[in-house]
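Just so you know, residue 1 is the first one in the sequence shown, and it goes up from there. In listed order, ligands and their atoms are each counted from 1.
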Amino acid sequence: MEAFISRKRPKTSPNTSGIQENPSPQSKPLPNEDEGSTDLKLATLSSLFPTVDQATLLDLLVSADGSVEAVFDSLSGKPEVGSPRKRPAASVGYQTSLSAFRRVGNAEPGSPAAKRRVLTKKGQTLHLYTPEDIAAHTPCSIIHNFLPAQEADNLLRELLEEAPTFERQTFKLFDNVVQSPHSACFYVDSLEERERQKTEYLYNGSYLEDIRQITPQMRTVSNKVQPAVNEEITKRIRTNYPDGKKLKYQSPYEWVPNAAFVNCYQGGSESVGYHCDQLTYLGPRAIIGSLSLGVAREFRVRKIVARDDEEPAASKDQRADAEGQISIHLPHNSLLVMHAEMQEEWKHSIHPSSVIDPHPIAGNKRINVTYRYYRESFHPMYTPRCKCEVATVLRCVQRKKENKGRYMWMCHAGLTPGKDGCTFFQWAEFDDDGEPPWAKI
Ligand SMILES: O=C(O)CCC(=O)C(=O)O
Ligand SMILES: [Fe+2]
């Protein structure tokens, strides 16, 4: 079984704008290596169960790790698996929950142990659509149709007008200077903060020149994102974390968005590669609220696999693929919350796509607003400085088993194109709430 999920699915994006979507997207065929085998399996199952719709069969195939035999068993009346004929029709066209079909073994149904069963396999991609599946299998939660339709459309229109002046960020990757394969711009709450940002905060070793003040519409939306994200955080702690307690270093205080990166992806080829967001100004166990507008795209996540120092250096791809990846589908007007486990333990990306459904307002563009909480105690005037005389970056050890989860301050200048930087290194200490020692002084 090479791969089990086709990226094809019934075209079902909700049309919240009330405008007719273009029924014939101008899209190139997708060179999808998975397609043949999955389609063949679906066709086989369709011929065996002509009354069961294709979306249900695909759900079942996913939950059965691609085994036609297991799906056949399930549909032939095995007790663990609910009868798909009794399933209510999905109100929107997303995949209905996999959980109804999951065999939970000895774990209590719905318990974190049952939920956290690894569904992905080496080299494969598990596609998730429903809030239940996303919360159960990733460190994220999603709210579909987050804003009133008109408000989402208006914000999209406004940001589409701004987007042509956005720039591609440049950064240093090993010895090369590379450009991000999409454009972005940074927005902050006030003009004073804009000035502070321009002169005090480094990003990839440089000061940002184009920083804008959030628009009144962005502020209104931010005021709605704030309580929604806080509610999701509370829910996540209660249902997913050991003993229903926040994680060590996670802030117990309210999440207050005061800055936002707005990203624009024009066409399916624009993307962002696998990365973790910078914790330098957010602190450990940061939480991010990410609003998607326009064209629906795939947000892919994968867990970082730690390794021993003695282990022979496996190839990067081998390690990356060790647990497969998960694709979260982000439709227009969805709010994704990246929870406290995300930045330290997982990587995320926006996957390039050969096929997109044009959006009635945005055409081939996707706009994304990532709301962030810059914590005062992580202002660069407080954080350690290196020999280059600039504030350092905060990193978390992710791969080396020995120190996994420890934080460190490192020289920023090594990230600046044209600069080498120094070798400054200092372990970072925080209290249980993620506050640095100077916060108490
Ligand atoms: O476009 C997205 O949904 C994600 C963007 C992202 O990862 C970032 O801004 O750090
Ligand atoms: Fe990111």
Discussion item. So, applying side-chain hydrogen bond (donor to acceptor under 3.5 Å, both in side chains) with Ser141, which one of Lys235, Glu231, Glu232, Arg236 is it?
Written reply: Glu232

Look at atom [atom1] of [X] and say whether more than 12 heavy atoms of other residues, nucleotides or ligands are closer to it than 6.0 Å.
X	atom1	answer
Glu167	CD	no
Glu161	CD	no
Phe425	CZ	yes

Worksheet entry | Atoms in ligand 1 with a heavy atom of His348 nearer than 4.0 Å | 7 (O)

At what distance is the nearest protein heavy atom to [atom], and which residue and atom is it?
atom	result
atom 1 (O) of ligand 1	Tyr265 OH, 2.6 Å
atom 9 (O) of ligand 1	Asn263 ND2, 3.0 Å
atom 10 (O) of ligand 1	Asp277 OD1, 3.1 Å

Response to the item:
Looking at Asp277, the N/O/S atom that lies nearest to the Fe ion (ligand 2) is called OD1

Worksheet entry | Atom of His348 nearest the Fe ion (ligand 2) (restricted to N/O/S, atom name only) | NE2

Discussion item. Tell me the nearest of His182, Arg372, Met338 to atom 8 (C) of ligand 1, using heavy-atom distances.
Written reply: Arg372

Discussion item. With side chain to side chain contact (heavy atoms under 4.5 Å, CB included) as the criterion, how do Asp153 and Leu155 come out once you've worked through the C-alpha distance, each side chain's angles and the decisive distance to 0.1 Å?
Written reply: CA-CA 6 Å; Asp153 291 352; Leu155 180 62; over 6 Å; no

Worksheet entry | Arg366, any N or O under 3.5 Å of ligand 1 N or O | yes

Fill in: Check against side chain to side chain contact (heavy atoms under 4.5 Å, CB included), Leu128 and His137
CA-CA 9 Å; Leu128 299 180; His137 302 296; 3.9 Å; yes

